[in-house]
Amino acid sequence: MRQDLTVQQMSEDDDRSPPLDLRCGAAPSINRARNCSGEAVSGSGSSTSSSIPASVPVTVTEYQSQYPDQVLEIVLENVLQFLTSRRDRNAASLVCKSWWRAEALTRSELFIGNCYAVSPDRARGRFRRVRSVVLKGKPRFADFNLMPPDWGAHFGPWVCVLANAYPWLEKVYLKRMSITDDDLALLAESFSGFKELTLVCCEGFGTCGLAFIASKCRQLRVLDLIETEVTDDEVDWISLFPEGETCLESLIFDCVDCAINFEALEKLVARSPFLRKLRLNRHVSIRQLYRLMVRAPQLTHLGTGKYGPSEVAQRQGDTEPDYIAAFAACKSLVCLSGFREITPDYLSAIYPVCANLTSLNFSYATITADQLKPVICNCHKLQIFWVGVPCVIDYQCFEEIWVLKLILAVIMQALDSICDEGLQAVAATCKELRELRVFPMNAQEDVEGPVSEVGLQAISEGCRKLQSILYFCQRMTNAAVIAMSSNCLELEVFRLCIMGRHRPDHATGEPMDEGFGAIVRNCRKLTRLAVSGLLTDRAFGYIGKYGKLIRTLSVAFAGDSDMGLKYVLEGCPKLQKLEIRDSPFGDAALRSGLHHYYNMRFLWMSSCRLTRQGCQEIAQAMPRLVVEVIRSDDEEETDNYVETLYMYRSLEGPRHDAPKFVTILR
Amino acid sequence: MERLLSFESDHLRATELRLGLPGSDKPSVRPKNNKRASSEISQESKSNSCASNAGNDDERDSAPPAKVQVVGWPPIRSYRKNTLQVQAKTSESELCRGMYVKVSMDGAPYLRKIDLKVYTCYPELLNALENMFQLTIGKYSEREGYNGSDYAPTYEDKDGDWMLVGDVPWGMFITTCKRLRIMRGSEAKGLACV
């Protein structure tokens, strides 16, 4: 990969073809014929199948004597339109100047993994015909309160530039960005053909902003809000969707924790014949869900709201709706989620759809293994399964009564196996499982957890096609992890979170080094790894030696010395995202990654052993790296140790919107 | 009294059953090369712990860090935590707390309170009321209400209306009942006619 990232260093003078603007001016008809601007081409993205109209070859011959390479360029641009993968496009753009230009003209999906790596103007300057933008902002550890609020990642500067540059923009996907209502208003007003808005883990706006989107984006197909904070401005945004038939295909608002106008929602669903995905928030009761389902039996993805009766008393004489029939009528349903505040009696209603389900999210459903099993036993096609493991009973009310405590201890031992039992049921039935996520319902360290190595072992034996696993547990053994490494060879994502910090293998007392070592050694496709438990430098040695495809690595409370980090930085050539917290890695370790930091999207290190001087050295050695030192909001800089280091490559240098608790080192 | 209390607390401590891993409290379980990273301690003392750990590689806690929650650990998004907390609170409040409602009786100087959760059906409730207020209520009939008795039990529902106890199914009753009032039979006649 090129070390030099500056665009300016690519010289404009080129013997083969005239400069871009001159060519555009000279042959406007050619451009119109082969471009991918809004009106001429239907569909989206670069996979258009528009062919060169007959007039173009005639026009080309006129200019042939002046620009002999023009035919080549036209052909190239048309071929490149079929290239959708951004990695392929990046490679193509490095071949030579004219390929760079052709690629820039034909790229319609712009992916920016770090919104501070490049400025909106620079992006606009290179890519002229973008239909879809993906922007990612804050680093992932910000989700866990490790970063003070108002750090940055503002959508504002971007939406201003996008509004001017790409009036035909259709899709925006934002992750961990800070968005205001005004930003959404500008977005809604600027793009007449706007089709898809997806906001993941964003914040900063309210239902006011949603109202703008609903009312002004007449072509809207997708409005997906996923784990995004939306403040309740008490605006009835649902009723602001346009009258008449809508284009809506996907409406996901389960994270919008505000009451909604249900009548308006029902009418909206009734006039949205293309609706396939609907995820409701907890203010929609099961009775209301029924009414929606009978209006939309074509749904493929359904997220229930509150899976139980509402608090409002039903009129006497009202019979319970036939929920089973409603589910049975949804013959295309493949993805189920929601089940908040669940009343388990109603769970049997979903039996008719289980056989077709490929994705099931029970992670918010507080149910027991016995309630889960009859559902899971029918889910033979399940590929994605998210489940929350119920916590043990809060026995604090029994503190004085030690006899009861004794009884409870016995019960809880049993509970342990029951919840592993739930996973055993999954392992027995779901042979097609690709992705499993096991969350704790009670996220504390010292509570005895109901899943353990038994569940993991069972899954590894039953679900051999597993590609991605996120598994929270209180205790683990190397043996179970090793078993998974040899059974699940398709693993690409392995994230094990042993919630007790520094917990060793509970059977042998050994560190968890060998388990994770086996994972990196045996799972040849592994690209993402998260480690936990008691780990020595040896574990990192394994990662450095065998983890050659790893792109994302998450480390917490692990390692002994600088060697741990060195092994990783020197051994993992594909590493792009490295996030570390509370591990004893210092300046020497940081220095060992100098050869690699330009290849990475970012490095996060919090509560490690870095000093300001150490970080300063890096900043001075690497001018294209932005080295941010972040301290807690209220703390002043006291000692030499850096609380949080967040550094990332950038073409723009230090950002101008950094808050005062961020110091950018130079 | 104090001696008794201290004896009891000793007794409790002796019989205290910790539900952690067997031996998780004992330092000998941990392997020797356990070098802790910096902040084990909560956010307040983060900077202190950084400095103190720097030169002290052999520092080892004698017991696992107490129940102090470390910031951002385990790594669960606050969205998920909050959602589950809301659910836990609602279900907890339903399970643990009682459903106490005030009961007033015409002519009585002060009100009483009863826990509706304790009862499973109307006869039990009426029996309890009869015992509490030393009166007879009589049998309920759909047509005539509590005709034939001196008193009729009524309740205020969520909409603020006064209803006759017994008209709606028990399950619906206990979720909608906000308070009870035992009316004199003569006044209650009006209700029964409706």
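Per chain, numbering begins at 1; letters A, B, ... match sequence-line order.
Between the side chain of A/T536 and the backbone N or O of A/R538 there is at least one donor-acceptor pair closer than 3.5 Å.
The contact between A/F472 and chain B is made entirely by side chain atoms (from C-beta outward), counting heavy-atom distances below 4.5 Å. In this structure, no portion of A/N281 lies under 4.5 Å from any heavy atom of chain B. For A/C201, the part sitting under 4.5 Å from any heavy atom of chain B is the side chain, from C-beta outward, and nothing else. Of the two parts of A/S554, neither the backbone nor the side chain holds a non-hydrogen atom closer than 4.5 Å to a non-hydrogen atom of chain B.
For the residue pair A/S363 and A/R437, no side-chain donor N or O sits within less than 3.5 Å of a side-chain acceptor on the partner.
A salt bridge between A/D257 and A/R282 is present, with a side-chain N of the basic residue lying under 4.0 Å from a carboxylate O of the acidic one.
With A/M512 as reference, A/I498 is the one residue of A/T477, A/I498, A/V531 to meet the side-chain contact (heavy atoms from CB on, under 4.5 Å) rule.
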